[in-house]
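One structure is given below, represented as structure tokens, and several questions about it will come after.
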There are 2 protein chains.
Amino acid sequence: MKLITRDTDYALRALCSIAQSKAPVTSVSALVQELQIPRPFLRKILQCLNKEGLLVSYKGKGGGFSLSLHPDKIYLLDLISIFQGDLKLNECVFKKQVCPNKARCPLSKKLALIEEQTVSVLKDVTVQSLVNENQRPEYKV
Amino acid sequence: MKLITRDTDYALRALCSIAQSKAPVTSVSALVQELQIPRPFLRKILQCLNKEGLLVSYKGKGGGFSLSLHPDKIYLLDLISIFQGDLKLNECVFKKQVCPNKARCPLSKKLALIEEQTVSVLKDVTVQSLVNENQRPEYKV
DNA sequence: TGCATATGATACCATTATGGTATCATTTGT
DNA sequence: ACAAATGATACCATAATGGTATCATATGCA
Ligand code: FES
Ligand code: FES
């Protein structure tokens with residue numbers, strides 16, 4: 001079971017990379033160079049992030065992307081939401097015949113608890129928390 | 001993100017149904033009748049559970065399946081393991097260039113924590129815990 | 001003994017999600 | 001004007017999921 005899919009992953013890496021860049025804008029080429037992500041796929045992802053308001057784009061020569069939010073305000077949970085939809089673990093195990101009394105269903109309760117715990121753990125993972133902090137070299141890849 | 005896939009779900013329902021049955025063996029026909037699961041798919045699942053040692057099968061007229069373990073010893077986690085493989089949330093976000101220092105990666109730690117919590121919540125979900133207990137009608141479906 | 005009824009084994013198929021390409025249009029610095 | 005960048009969009013390949021189809025084998029019973 002993948003909690004984080006490829007596009008979310010790539011988006012996260014790209015955002016971290018842009019956040020760490022000294023230049024005011026970062027081009028796709030620079031990111032491809034650094035992250036080794038397939039160029040057209042990365043472009044699609046960045047365009048999406050732009051539409052979602054996480055990036056600002058600059059067209060034309062010397063163009064590229066820059067963050068439109070402080071790295072502290074870019075949450076992994078938002079990326080997951082964008083690329084994978086809302087984190088819903090399981091609506092109900094009994095798909096067709098829905099539980100007559102969901103509130104009393106023990107499994108349903110446990111799934112809800114797991115979801116809650118998961119969100120709680122992920123909620124303070126931001127781009128900021130992944131870069132620079134203690135100079136973690138792994139996130140500069 | 002689905003924590004529980006269709007076959008795991010169906011297997012769980014079937015096992016609960018067999019556990020609740022008064023008869024010594026339960027036929028596929030009876031289960032199809034009760035659970036409204038596509039017959040050939042259910043057969044495949046039951047054959048799998050038989051191979052895995054969770055069910056005993058009886059061929060021929062009047063045949064069917066019965067539990068080979070006490071419902072208390074049939075864990076949802078085992079079903080998940082059988083049908084979905086081991087519950088690994090994410091080996092590593094950076095797929096190709098693996099972290100030079102995994103132990104220091106904050107995201108990796110969080111994913112491990114989530115996995116741990118998830119297992120911890122699920123580990124006492126057994127067939128027994130889902131049937132009869134307080135006569136929950138929803139699990140008799 | 002023979003047959004209906006049940007599971008065992010296995011191969012195949014349809015749909016969807018994921019991961020990725022390809023192409024052309026538009027903007028912009030020089 | 002032109003090269004260098006992104007915007008938009010349609011398409012494609014692979015794998016996972018969910019499901020079928022078919023034939024072989026075992027068994028209870030008339
Ligand atoms: S099975 Fe639907 S909520 Fe319990
Ligand atoms: S990114 Fe691989 S363990 Fe942190």
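Chain naming here is simple, since letters A, B, ... match the order of the sequence lines and numbering starts at 1 in each.
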message: Tell me every residue that passes side-chain contact (heavy atoms from CB on, under 4.5 Å) with A:Ser29, counting only those two or more places apart in sequence or in another chain.
response: A:Ser27, A:Arg39
field: For atom CZ of B:Phe41 and atom C1' of C:dT7, their distance in whole Å
entry: 18 Å
- prompt: Expressed in angstrom and rounded to an integer, what is the separation of A:Arg6 atom CZ from D:dA13 atom P?
  reply: 19 Å
List the atom pairs, donor and acceptor, that lie under 3.5 Å between side-chain atoms in residues 54-63 of chain A and the rest of the protein, sequence neighbours left out.
none

With a 3.5 Å cut-off and sequence neighbours excluded, list the donor-acceptor pairs that the side chains of residues 69-77 of chain B form with protein atoms.
residue, atom, partner, partner atom, Å
B:His70, ND1, B:Asp72, N, 3.0

query: In the single-linkage hydrophobic clustering (I, L, V, M, F, W, Y; side-chain heavy atoms under 4.5 Å), do A:Val127 and A:Val25 co-cluster?
result: no
Please report, to 0.1 Å, the donor-acceptor pairs under 3.5 Å made by any side chain of residues 78-87 of chain B, with sequence neighbours excluded.
residue, atom, partner, partner atom, Å
B:Gln84, OE1, B:Thr5, N, 3.1
B:Gln84, OE1, B:Thr5, OG1, 3.3
B:Gln84, OE1, B:Thr8, OG1, 2.7
B:Gln84, NE2, B:Leu3, O, 3.1

message: From CD1 of B:Ile37 over to P of D:dT20, roughly how many Å is that when rounded to an integer?
response: 12 Å
Only pairs under 3.5 Å count here: list side-chain donor-acceptor contacts from residues 42-53 of chain A, not counting sequence neighbours, and write none if there are none.
none

field: Interatomic distance where CD1 belongs to B:Ile4 and P belongs to D:dA16 [whole Å]
entry: 20 Å
- request: Look up atom NZ in A:Lys2 and atom NZ in B:Lys2, then write down how far apart they are to the nearest 0.5 Å.
  value: 13.5 Å
DNA chain C-proximal residues of residues 21-32 of chain A, any heavy atom under 4.0 Å: none
field: Under-4.0 Å side-chain N/O to phosphate OP1/OP2 contact, B:Tyr10 with D:dG19
entry: yes
- line: B:Thr5 has its side chain closest, among C:dG20, D:dG18, D:dT20, to D:dG18
query: Does some side-chain heavy atom of A:Ile114 sit less than 4.5 Å from a side-chain heavy atom of A:Thr118?
result: yes
- line: Here the distance between atom P of C:dG19 and atom CZ of A:Arg13, to the nearest Å, is 13 Å
- request: Nearest 0.5 Å please: distance from the CG atom of B:Leu15 over to the CZ atom of B:Phe65.
  value: 11.0 Å
Protein-nucleotide distance (A:Gln84, atom CD; C:dT18, atom P), rounded to Å: 8 Å
task: Could I get the full list of side-chain contact (heavy atoms from CB on, under 4.5 Å) partners for B:Thr26, not counting sequence neighbours?
output: B:Ile18, B:Ser21, B:Ala30, B:Leu31
task: Provide, to the nearest angstrom, the distance between the CZ atom belonging to B:Phe83 and the C1' atom belonging to D:dA16.
output: 16 Å
statement: Numerically ordered, the residues 55-65 of chain B set in heavy-atom contact under 4.0 Å with DNA chain D is B:Lys59, B:Gly60, B:Lys61
- line: Sorted by number, residues from residues 43-50 of chain B placing a heavy atom under 4.0 Å from DNA chain D are B:Arg43, B:Lys44
- prompt: Rounded to the nearest 0.5 Å, how far apart are CZ of A:Arg13 and CZ of A:Arg6?
  reply: 9.0 Å
- prompt: Between atom CZ in A:Arg39 and atom P in D:dT6, what is the gap in whole Å?
  reply: 7 Å
field: Side-chain N,O (A:Lys2) to OP1/OP2 (C:dG19) below 4.0 Å
entry: yes
